[in-house]
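Single-structure report; data block below.
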Amino acid sequence: MGTPKASLAWHGLPLLGRIARLLARSVSGPVVVVRALDQALPALPRDVAVVEDAREDRGPLEGIAAGLRALPAGTRLAYVSSTDVPFLHPAFVRRVIAGAAPGIDVAVARTNGRTHPLAAAYCTSVLPTIEEQLAADLLRPAALFERVATRFLDEDDLLADPEVGLHDPRLDSVRNLNRASEYASAVAEPSPPVTVEVFGALRAAGASSPVAVRAATLGAAAAASGLALDEHVVAALNGDQISRDPAVPLVAGDRVSFMSADAGG
Amino acid sequence: MAAPPGYFGRALAVDLSEGESEPLHLPETMLRHFLGGCGLGTELLRQQAPAGVDPLAPEAPLAFVFSPLVGTPLTTSAKFAVVAKSPLSSLLNDALCSSHFAIAGKLTGNDAIIIRGSCQRPSIVVIDPDGVRIESAEQLWGLPATQAEQRLRARLGKSYRVCAIGPAGERLVRYATLSHDGRHAGRGGHGAVLGAKNLKAIAVAAHKKVATADPTAVLASAHELRQRSFGPATEKYRELGTLANLLAFNAISTLPTRNFQSATFDEARRLAAEEISELRAVTRNSCASCSIGCEHIYAVHSGESAQTARVEYENVFALGPLCGVSEADAVLEASRRCDDLGLDTISTGGTVAFAMECVERGLLAEGWLRFGDRDALLRAIDEIGSRTGLGELLAEGSRRAAIEIGQGSIAFAPQVKGLELPGYEPRALQAMALGLAVNPRGADHNRSGAYEADLSGEHDRLVGGREHVRAAIRTEDRAAVMDSLILCKFLRGVFADPYAEWAGLLGHVTGWDVDADELEQTARRIVLAKRLYNEREGWTRADDWLPERFLSDELEVASGRAASLPEGRLRAMIDEYYALRGLDERGLPSPGTLTAVGLDTASGFGEGIRVAHDRAARLDNEAPRPEPHPETVGIRSQRWPSPSQGKRKPSR
C-alpha cells in the first residue's frame with residue numbers, strides 16, 4: 001500500500017492512533033504498542049507505552065510476548081489487536097474479554113471459520129508457554145491454542161452481546177486491511193453514525209438537539225456541530241469521560257455531549 | 001500612618017449592646033497579608049470573635065469586609081464579603097455578595113464594618129456622612145429584604161445602600177441569608193446572625209474617596225479587562241446564565257436528584273435553560289461595575305399576580321431535581337419564596353430533600369412531604385420560613401435535623417460540617433469530592449472549584465487520585481485570592497496567567513510591588529488561616545469527610561460504568577491533601593508550614609488591631625452634626641443608645 005499500515009489514515013486519523021485510543025476506551029488498564037525494531041510510528045497519546053519485538057519477522061506470537069511482558073505486574077488479561085482494523089468497536093473488545101472467563105487462558109474471535117489471533121484476549125499466565133514456543137520456533141498461534149485452555153468465539157457467541165449485535169452486526173471489528181483495494185474500500189465507507197447533543201450557550205439559536213451525524217473523531221463531531229474543541233468547549237463521551245482531544249475516535253452508537261468548559265454555578 | 005492606596009486602613013466596629021462604635025486601625029502588613037474580602041475577614045474574625053462563641057450570641061461578630069479593588073472601574077469588583085461564625089457549621093463562614101453596597105460601604109471610609117452585640121428591639125444601623133446611628137426597624141420587621149431595602153431607601157434617600165435580612169433571618173433559621181439588591185450572601189446563615197442581634201438591616205451612604213496608586217494604569221486595565229469579559233470565557237453566563245449547567249450535568253450523571261439517590265433526573269429538560277429561557281426570560285441584570293450580566297430573571301406563572309424569580313443553577317437544582325420536582329413554575333415559585341423569606345436555596349432544598357427521604361423511609365410522620373410534590377415543597381418552605389410545624393425542625397438544617405431524627409439518618413443528610421451540598425455529585429466528580437470534604441466552610445462550590453479539574457478532561461473524574469488532589473488545591477488557592485481581591489469568579493476564564501495578572505491589578509491599585517509568587521503565597525496563607533480559625537473553634541479531622549451515602553452507595557453513569565467513592569480512596573486523597581498543604585496527620589499546619597506562609601508571630605501574624613482613637617476623633621470633626629431623624633432613637637456618636645436602652649450608656 002506504499003505506507004506502513006500504522007500510518008494509513010482513516011477519516012483523518014492514522015490507524016494506529018485510532019486503534020490505540022479505541023482500546024484505551026475499551027479497557028481499564030494501560031495500552032501497549034509493540035513495534036518492529038526501529039519502526040517509525042505516528043504520534044500516540046502520551047500514556048501509551050511502546051515496546052519492540054525481541055526478534056524481527058517472527059510473527060504475531062513474538063509481538064504478543066513483548067506486549068505481555070510490558071504489562072504492569074498483577075495484570076490478569078490483555079486484549080490483543082492488530083492495527084489495521086478501523087471498524088473495531090469497544091463492545092466487541094469487551095465481549096471478547098468477557099469470553100476469557102475463569103478457567104479460560106485465551107478467548108479468540110473466529111468468523112467464517114477463520115481464527116483471529118489478533119482479535120483475542122490472552123491471560124498473562126500464558127506468557128511462559130508462548131516463550132517456550134518461541135524458543136522452540138513454534139511460531140503459529142494455533143499451536144498455542146492447542147496447548148492452553150482456549151475458547152473460540154464464533155459469530156453467534158459474539159453477536160449474542162446486545163451491544164455488538166446493535167452496533168457491529170457484520171462483525172466489522174475483525175475486518176482488516178491487507179490489500180490496497182481493501183484499504184480503499186474502507187476509506188470509502190462513511191464515518192460512524194453518532195448522536196450529538198449541544199448544551200447551553202453553545203447551542204445555536206433554534207438548533208435542535210440531539211442530532212444524528214457521522215463522525216469518526218470528536219473533532220469531526222464538533223465540526224459537524226459548528227464547534228471547535230478549545231479551552232472553552234469540552235465534550236463528554238457517552239456520559240462518561242470528558243475530553244478536549246479532537247483525536248478521540250468515535251464508533252457507531254456513540255453519544256457525544258458538547259458543553260461549556262466552565263461549569264461554575 | 002497613611003493607609004496604602006486602595007484602602008482606608010481602618011475598620012469600623014459597631015457594638016449594638018453598648019451603643020458605641022470605634023474605628024480600628026488595620027496595619028498595612030495585615031492588609032497585604034490578607035488583601036480584603038474573605039482573607040481579611042478571616043483574620044478580623046480570628047481577632048474579634050471570642051473563642052468558642054455561640055454564633056447566635058450577642059458577642060459573636062459579623063463583618064462586612066471590602067477589598068482593595070472595590071470602587072475602581074475594574075469589572076466585577078463591586079463585591080463584599082460577609083464573615084462570621086456560622087450557625088449551621090459553628091465554623092468560619094465567608095459569603096460573598098455584590099453590587100452597590102460594596103462601593104458605598106467601602107466609601108464610608110472603612111475597609112470593614114464589624115457588627116457585634118445585640119439590640120433589644122428590632123433595629124437598623126445607618127452609617128453615613130453624619131456618622132453611625134441606630135434606628136428603629138419596628139416597621140420593617142417581617143418584611144422581605146427587598147421591601148425593607150426599598151422602604152429604607154425611600155426613608156433615608158437614594159444615596160443609601162442597604163443590606164437586609166428577611167423573615168427567616170428574624171426567626172433565626174440557621175441558613176437564612178443576608179441580601180442586597182436581590183443578591184444574597186447566601187450560605188451559612190449570616191441572616192440568622194443578624195437576626196439574633198435584632199438587626200434588620202445596615203444602610204450605608206458613600207462619603208469618602210479612595211485613591212489608587214496609578215489611576216491611568218487602573219483605567220487601562222479596566223478597559224482591557226472589560227473587553228475580555230465580552231469574550232467566549234463568559235458566554236455561558238451572559239447567554240443563559242448558570243442554569244446552562246443543568247442539562248449538561250444531567251448528561252454526565254452529575255445532577256443530584258432525590259436527595260442524592262440518583263445523579264440523573266428524567267425530567268431535567270422541563271427545567272433546562274435551553275428549553276424554557278425563551279418562554280420565560282424577562283430580562284438580564286448586572287451587578288454594579290459588572291460587564292458580564294449573569295443574572296437571568298424569569299417569569300413565574302403562579303397565582304394571579306405576575307411574579308419574577310432570579311434563576312441560577314443552584315436554586316433550580318436544589319428546589320427541582322434534588323426534591324424530585326420537575327414543574328418549572330413550582331421550582332421558580334419556590335425560589336422566589338426563598339428569596340422573599342431570605343433562605344439559602346441550596347440549604348433549603350437540601351434540608352427539604354433530606355426530610356422527603358426521611359418520610360419515604362418512615363422516619364418522619366409528615367406523609368404529605370413526598371418527592372416530586374410541588375405543593376409539599378412550597379409548604380415546607382413556608383413552614384421553614386415561619387418556623388411552624390415541621391419547619392421548626394427543618395429550620396435547623398439537615399445535620400441538626402438528622403441528629404434529632406436519629407435512626408441512622410445522618411448517613412444521608414446531604415451536608416459537610418453542617419452545610420448542605422451544592423449541585424455537584426461527588427461520586428461522579430472526585431476532585432470535587434475532596435474539595436467538598438476539606439473545605440473550611442463545609443460543602444461548598446465557591447471556595448473550592450475542584451469540579452473544574454473533573455470537567456477538564458485531564459483526569460478520570462470517576463477515580464480520584466493524586467492529580468485530583470493537586471488540581472483541587474490549585475482551585476482552592478485561586479479562589480482564595482479572587483475572593484479576597486475581590487473579583488467575580490465568573491471572570492476567571494479570561495485570565496491566561498491569573499496570579500501575574502491579579503498581581504498587576506493589585507499593584508496598580510495599591511502601589512505594592514506585588515508579584516505572582518507573593519499572591520500564590522497569600523492564597524496558601526488565607527486557606528491555612530481559615531483552618532486555624534476552625535481548629536480554634538473545635539474542628540477536628542473527622543469534620544473533613546463526606547456523608548456515608550457517598551462512600552457506600554454506587555451510582556451508574558450513562559456509559560454503564562460505576563461511580564463509586566470507596567472510603568479508602570477518599571482517605572488517601574485527604575492524606576495527600578494534608579501532605580501537600582504542609583499539614584500533619586491531624587490536618588493542622590506544622591510550625592514550618594506556618595513560617596513558610598507568614599502565619600507565625602515573627603512575620604507579624606497575630607499582631608492585634610488597635611483602636612484608632614486619634615483618627616476617630618479627627619473623623620468626628622469632619623462633618624457637621626445633623627438633626628436626628630424622627631425615627632432615630634440614637635444619635636451619631638462614638639457611643640449611642642440602642643432602641644432598647646433609651647439613654648446613653650456611660651463610657652467604658
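Every chain is numbered from 1, with letters handed out A, B, ... down the list of sequences.
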_Which one wins on heavy-atom pair count under 4.5 Å against chain A: B:Leu243, B:Leu247, B:Leu246, B:Val463?_
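Answer, by heavy-atom pair count under 4.5 Å with chain A: B:Leu247.
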*With sequence neighbours left out, what residues match A:Val27 under side-chain contact (heavy atoms from CB on, under 4.5 Å)?*
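Here the qualifying residues are A:Val93, A:Ile97.
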Enumerate, by atom name, each donor-acceptor pair separated by under 3.5 Å where one atom lies in chain B and the other in chain A.
residue  : atom : partner  : partner atom : Å
B:Lys236 : NZ   : A:Asp262 : O            : 2.7
B:Lys236 : NZ   : A:Gly264 : O            : 2.8
B:Tyr237 : OH   : A:Asp262 : OD1          : 2.7
B:Tyr237 : OH   : A:Asp262 : OD2          : 2.9
B:Asn245 : ND2  : A:Ala263 : O            : 3.1
B:Asn245 : ND2  : A:Gly264 : O            : 3.3
B:Glu274 : OE2  : A:Gly200 : N            : 2.6
B:Tyr424 : OH   : A:Ala263 : O            : 2.8
B:Tyr424 : OH   : A:Gly265 : N            : 3.0
B:Ser456 : O    : A:Arg244 : NH1          : 3.0
B:Asp460 : OD1  : A:Gln241 : NE2          : 2.6
B:Arg461 : NE   : A:Asp240 : O            : 2.8
B:Arg461 : NH2  : A:Gly239 : O            : 2.8
B:Arg461 : NH2  : A:Asp240 : O            : 2.7
B:Arg492 : NH2  : A:Asp262 : OD1          : 2.9
B:Ser559 : N    : A:Asn238 : O            : 3.1
B:Ser559 : OG   : A:Asp240 : OD2          : 2.6
B:Arg561 : NE   : A:Asp240 : OD2          : 2.9
B:Arg561 : NH2  : A:Asp240 : OD1          : 2.8

_Counting only non-hydrogen atoms closer than 4.5 Å, does B:Ala248 touch chain A with its backbone (N, CA, C, O), its side chain (CB onward), both, or neither?_
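For B:Ala248, the contact with chain A is made by backbone and side chain together.
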*Provide the closest heavy-atom pair for B:Leu240 versus A:Gly200 in the form atom of the first, atom of the second, distance.*
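Minimum heavy-atom contact is CD1-C, 3.4 Å.
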